Amino acid sequence: VQLQASGGGLVQAGGSLRLSCLASGIIFGDSDMGWYRQAPGKQREFVAVITSASSTAYADSVKGRFTLYRDNVKSTVFLQLNKLTPEDTAVYYCYARGVPTGPHGSRQSYWGQGTQVTVSS
């Protein structure tokens with residue numbers, strides 16, 4: 001299973017970014033997908049999740065500013081980040097929980113590489 005995260009960058013406060021996570025090797029339509037983030041010196045924290053049924057949940061700190069959606073045809077989830085603040089600066093990690101393709105797979109959790117989001121004041 002591979003999760004390829006992209007879309008991070010440097011943006012000014014109040015700006016926007018869109019993160020993408022392309023999944024391969026997993027039965028995407030049956031997988032829950034999400035994002036976590038880790039700021040320097042802090043623990044990794046939950047940001048948002050979208051279930052296989054496209055139900056979403058968000059951390060309180062990002063509600064109303066971030067939107068998570070999925071494209072099952074492209075096996076990709078997108079995290080739209082709006083009204084960014086310096087407190088959103090972190091490495092953002094894509095997450096998947098699902099069954100890998102191929103025989104004898106069982107439901108597991110997977111992490112992608114991080115993508116850096118830096119918000120300047």
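Just so it is clear, the model here is predicted, and its values are computed rather than measured.
Residue pairs meeting the disulfide bond (SG atoms under 2.5 Å apart) criterion with at least one member in residues 81-121, sequence neighbours excluded, are Cys21-Cys94. Listed by first and then second residue, the side-chain hydrogen bond (donor to acceptor under 3.5 Å, both in side chains) pairs involving residues 10-19 are Ser16-Asn82, Arg18-Tyr69 (not counting sequence neighbours).
With sequence neighbours excluded, the residues satisfying side chain to side chain donor-acceptor pair (under 3.5 Å) with Gln116 are Thr118. Legend: residues meeting side chain to side chain donor-acceptor pair (under 3.5 Å) with Gln43, ordered by chain and number and at least two apart, are absent.
Taking all atoms of both residues into account, the shortest heavy-atom contact from Ser120 to Pro86 is C-CG, 4.5 Å. Closest approach of Leu19 and Gly8 over heavy atoms only: CD2-N, 3.6 Å. Of all non-hydrogen atoms in Phe28 and Ala23, the two that sit nearest each other are CD1-CB, 3.7 Å. Here the shortest heavy-atom pairing between Val1 and Gly25 reads CG2-O, 3.3 Å.
Distance check: Arg107 CZ to Ile27 CD1 gives 9.5 Å after rounding to the nearest 0.5 Å. Atom OH of Tyr92 sits about 5.5 Å away from atom CG of Leu81, to the nearest 0.5 Å. We find the CD-OG distance between Gln4 and Ser20 to be 11.0 Å, quoted to the nearest 0.5 Å. Expressed to the nearest 0.5 Å, how far CD1 of Ile26 lies from OG of Ser75 amounts to 9.5 Å. To the nearest 0.5 Å, atom CD of residue Gln2 and atom OH of residue Tyr110 are 12.0 Å apart. Atom CZ of Arg70 and atom CG of Asp32 lie 7.5 Å apart (nearest 0.5 Å).
Taking the six-membered ring where the residue is Trp, the centroids of Trp111 and Tyr95 are separated by under 6.0 Å.
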Table please: side-chain donor-acceptor pairs of residues 59-68 below 3.5 Å, with sequence neighbours left out.
from  : atom 1 : to    : atom 2 : distance (Å)
Asp60 : OD1    : Lys63 : NZ     : 3.2
Ser61 : OG     : Arg37 : NH2    : 3.4
Arg65 : NH1    : Lys83 : O      : 2.9
Arg65 : NH1    : Asp88 : OD2    : 2.7
Arg65 : NH2    : Ser61 : O      : 2.9
Arg65 : NH2    : Asp88 : OD1    : 2.9
Arg65 : NH2    : Asp88 : OD2    : 3.4

Which atom pairs, donor and acceptor, lie under 3.5 Å between side-chain atoms of residues 46-54 and protein residues at least two apart or in another chain?
from  : atom 1 : to    : atom 2 : distance (Å)
Thr51 : OG1    : Ala53 : N      : 3.2
Thr51 : OG1    : Ser54 : N      : 3.4
Thr51 : OG1    : Ser55 : N      : 3.1

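Clustering ILVMFWY residues whenever any of their side-chain heavy atoms sit less than 4.5 angstrom apart, transitively, puts Val119 in a cluster other than the one holding Tyr36. Cluster annotation: Tyr58 and Val117 are assigned to the same hydrophobic cluster (Ile/Leu/Val/Met/Phe/Trp/Tyr, side-chain heavy-atom contacts under 4.5 Å, transitive). Taken together through direct or relayed side-chain contacts under 4.5 Å among Ile, Leu, Val, Met, Phe, Trp and Tyr, Leu3 and Leu17 form part of one hydrophobic cluster.
Remark: side-chain polar atoms of Gln113 are paired, donor with acceptor, to backbone N or O of Ala5 under 3.5 angstrom. Of the possible donor and acceptor atoms, none in the side chain of Thr76 sits under 3.5 Å from a partner among the backbone N and O of Asp71.
Side-chain contact check for Ser106 versus Gln108: some heavy-atom pair is nearer than 4.5 Å.
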